[in-house]
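Beneath this line is the structure, given in C-alpha cells, with notes to follow.
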Amino acid sequence: MGAGFLVGLIGVLILSHATYSTIQYRALLKITEEEFSGPPIDVVVELIVSLLLCLWAAMTAPGSFKSIHPHSEENRVVALPANLDFMIFNHRGKIFPLETELKLK
C-alpha cells in the first residue's frame, strides 16, 4: 500500500466518523425536542479535513499518466496475445475507412 492509499483510507474513516456524529447529534436533538439548524462545527471541520485528504489521495494514488499520442513509442504493440480465441475481426468498425499511413514497427 502506498501513502496515497493510506491517506485516502484515513479520509474515508474520518468521513464515516463525521456521518456517525451527525446522526447522533440529530438523535440528541429529537430527544431534547430542538430543531436541527445545522451540524456542529467539529463535524464541519471533520468533513473539510476528510474532503482534503480524499482529494489528495485521489490525485496521488493512481500513479503516473500514460501517453495517448498515437505515434508514441509507449503505445506500440509488440506481439499478439497467445490466446486468439476471443479476438473478433468481424465487427462494425469495418465500415470506417482504414488509414494507410499507420505502420507497426
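Among residue pairs with one or both ends in residues 50-63, none qualify as side-chain hydrogen bond (donor to acceptor under 3.5 Å, both in side chains); sequence neighbours excluded. Listed by first and then second residue, the side-chain hydrogen bond (donor to acceptor under 3.5 Å, both in side chains) pairs that reach into residues 4-21 are His17-Glu46, Tyr20-Gln24, sequence neighbours excluded.
Taking the side chain to side chain contact (heavy atoms under 4.5 Å, CB included) definition, one finds that Ile48 meets it with Val44, Leu52, sequence neighbours left out. Residues satisfying the side chain to side chain contact (heavy atoms under 4.5 Å, CB included) criterion with Glu33, sequence neighbours excluded, are absent altogether. Qualifying side chain to side chain contact (heavy atoms under 4.5 Å, CB included) partners for Leu47, counting only residues two or more places apart in sequence or in other chains: Leu15, Ala18, Val43.
In this structure, Leu51 belongs to a hydrophobic cluster whose other members, linked by side-chain heavy atoms under 4.5 Å apart, are Leu55. Apart from Tyr25 itself, the hydrophobic cluster it occupies contains Leu29, Phe36, where clustering links Ile, Leu, Val, Met, Phe, Trp and Tyr at side-chain heavy-atom distances under 4.5 Å.
Residues Gly8 and Cys54 come closest through the heavy atom pair O-SG, 4.2 Å.
With rounding to the nearest 0.5 Å, the separation of CD1 in Ile10 from CD1 in Ile14 is 7.0 Å.
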